[in-house]
Amino acid sequence: MNSAAPFVPETHQLSVLAEAAKGCEGCPLYRDATQTVFGSGRPSARVMLIGEQPGDREDRAGAPFVGPAGRVLDKALAAAEIDRDELYLTNAVKHFKFTTNERGKRRIHKTPSRTEVEACRPWIIAELETVAPEVVVLLGATAAKSMLGNDFRVSRHRGEVLHVTGLVPDADPALIATIHPSAVLRGPSETRDEAFDGLVADLRTAYATTRTVRSDGSAGSGTFMPAANPVRR
Ligand code: URA
Ligand code: SF4
């Protein structure tokens, strides 16, 4: 069975996890990708963002969200007045899955399969245990399904504050699913604007859900919402 589990060390040190992830062969995706793209950001982040998988640019750079989707994310974070440096960013799957076009030049993103997402899950669980965020933002269907189960529909539950019991031992992060930033890059301009505004609104909700005071001393927007629609696995 495909699983990253045998490669995940028992540690709460991100640098040790990241180093071990370089050698992961938990599913076939490591074979064609350039490198593992592990999460990055503030180790004590209150908010963790989970995307789908590295893209072409991330695969070359070895860091998450540095390509076109990352630029959309940066704009959305700026609009929501959230500092990227305060976050921890990672992906549901840590190797780039792609096909090449006929001429074999361009690498085209391919959605990871359910088995690949499940294989890679032990890395996210280890990141969740280590960073221990208060709020987790699931960017798009792949991340949402990885954490909330295959039947979860972002379109139906986006922006809701959700809880899953037992997801991470000793922690109960709130989960908020939203669209993937790359969805903003598709479709006609009116729907793009709407998609962008929706992403910003969901990021604001996530930040407002953090229980404590922000590091700049300003108050987070207060009360922690109980689950509007608890989802169980
Ligand atoms: N899309 C993602 O989901 N993650 C990245 O890191 C880049 C693009
Ligand atoms: Fe391991 Fe995940 Fe890469 Fe598969 S995608 S080899 S499980 S790190």
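Given the structure is predicted, the values throughout are model-derived calculations rather than measurements. Counting starts at 1 for both ligands and their atoms, in listed order.
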Selection from Thr142, Leu89, Val66, Asn91 by shortest heavy-atom distance to atom 4 (N) of ligand 1: Asn91

Check this for me: does any side-chain nitrogen of one of Lys145 and Glu118 sit under 4.0 Å from a carboxylate oxygen of the other? no

Between Thr34 and Asp59, do the side chains contain a donor N or O and an acceptor N or O under 3.5 Å apart? yes

Pairing donors with acceptors under 3.5 angstrom, does anything connect the side chains of Asp172 and His163? yes

Ranked by distance from atom 2 (C) of ligand 1, the top protein heavy atom is Gln53 O, 3.1 Å

Run the numbers for me: atoms of ligand 1, each under 4.0 Å from some heavy atom of Ala69, listed by number. 8 (C)

If you count the atoms of ligand 1 from 1 in the order shown, which ones are under 4.0 Å from a heavy atom of Gly51? 3 (O)

Nearest heavy-atom contact between Leu87 and Tyr207 is CD2-CE1, 4.3 Å

Counting no waters, what protein N/O/S atoms lie under 2.8 Å from atom 4 (Fe) of ligand 2? Cys27 SG

Using the ring of Phe98 (Phe, Tyr or Trp, six-membered ring only), decide whether Arg107 places NZ or CZ under 6.0 Å from its centre and within 45 degrees of its axis. yes

Evaluation steps, side chain to side chain contact (heavy atoms under 4.5 Å, CB included), between Tyr30 and Cys24: CA-CA 7 Å; Tyr30 75 91; Cys24 185; over 6 Å; no

Among side-chain atoms of Glu134 and Thr210, is any donor-acceptor pair under 3.5 angstrom? no

Any side-chain donor near an acceptor of the partner, Glu116 and Ser113, under 3.5 Å: yes

Taking non-hydrogen atoms only, is Trp123 closer than 4.0 angstrom to ligand 2 via side chain, backbone, both or neither? side chain

Among Arg158, Glu52, Met147, which residue satisfies the side-chain contact (heavy atoms from CB on, under 4.5 Å) criterion with Leu138? Met147

Atoms of ligand 1 close to His180 [distance to a heavy atom under 4.0 angstrom, numbered from 1]: 1 (N), 2 (C), 3 (O)

Ligand 1 versus Arg57: contacting region, heavy-atom distance under 4.0 Å: neither

Compute the shortest N/O to N/O distance between Pro64 and ligand 1 and return yes if it is under 3.5 Å, no if not. no

Side chain, backbone, both or neither: which part of Glu58 has a heavy atom under 4.0 Å from ligand 1? side chain

Decide whether His95 and Gln35 meet the rule of one side-chain donor and one side-chain acceptor closer than 3.5 Å. no

